[in-house]
Amino acid sequence: MKSRTRFVLFGAWLVGATSVLSIVWIRNPQIIPPPPDFFMYWLIDLYGSINGEQLADLEELYVLVSSFCMVLLVTGFAWLAWRYIRQTLAARSRR
């Protein structure tokens with residue numbers, strides 16, 4: 001597979017998986033533990049929320065960024081596991 005195709009597929013995977021995880025998380029907030037209060041207060045002060053609408057925007061932004069990081073981490077671990085398994089099987093088949 002060409003590198004450009006892989007890059008496009010990887011980007012599509014990141015966008016799609018992040019979107020799905022964000023939608024599931026927003027609809028079911030109890031599935032992922034909330035962050036500590038001190039972090040949320042710091043984030044609210046950093047963002048400068050002064051009303052409920054801005055607080056909702058911050059929540060959506062937080063969920064989107066957190067979902068992206070989670071998808072990226074899980075994808076990285078899965079890729080490393082796949083590489084390890086492939087190399088182990090290749091080494092065993094050479095024996």
Show the numbers, then the answer: is there a side chain to side chain donor-acceptor pair (under 3.5 Å) between S67 and W25? CA-CA 9 Å; S67 296; W25 190 358; over 6 Å; no

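Side chains of F39 and Y62 form a contact here, defined as non-hydrogen atoms less than 4.5 Å apart.
Considering L72, L64, V71 as possible partners of F68, the one that fulfils the side chain to side chain contact (heavy atoms under 4.5 Å, CB included) test is L72.
More than 12 heavy atoms of other residues, nucleotides or ligands shown are found within 6.0 angstrom of CD on Q30.
Between the CG atom of L46 and the CG atom of L58 there is a distance of 9.0 Å, given to the nearest 0.5 Å. Atoms CZ and OG1, from F10 and T75 in turn, are 6.0 Å apart once rounded to the nearest 0.5 Å.
No chain of hydrophobic side-chain contacts below 4.5 Å, direct or via other Ile, Leu, Val, Met, Phe, Trp or Tyr residues, connects I26 to I23. M70 and V65 fall within the same hydrophobic cluster, where Ile, Leu, Val, Met, Phe, Trp and Tyr residues are linked whenever their side-chain heavy atoms come under 4.5 Å apart, directly or through other members. A continuous path of ILVMFWY side-chain contacts below 4.5 Å connects F38 to L43, so both sit in one hydrophobic cluster. Linking ILVMFWY residues whenever their side-chain heavy atoms come closer than 4.5 Å, directly or via other members, places W42 and L61 in the same cluster. V63 and I32 fall within a single hydrophobic cluster, where Ile, Leu, Val, Met, Phe, Trp and Tyr are joined by side-chain heavy atoms under 4.5 Å apart, directly or via other members.
Heavy-atom minimum distance, P35 versus M40: CG-SD, 3.2 Å.
Put simply, the side chain of S93 gets close to the backbone of A90: a donor and an acceptor are under 3.5 Å apart.
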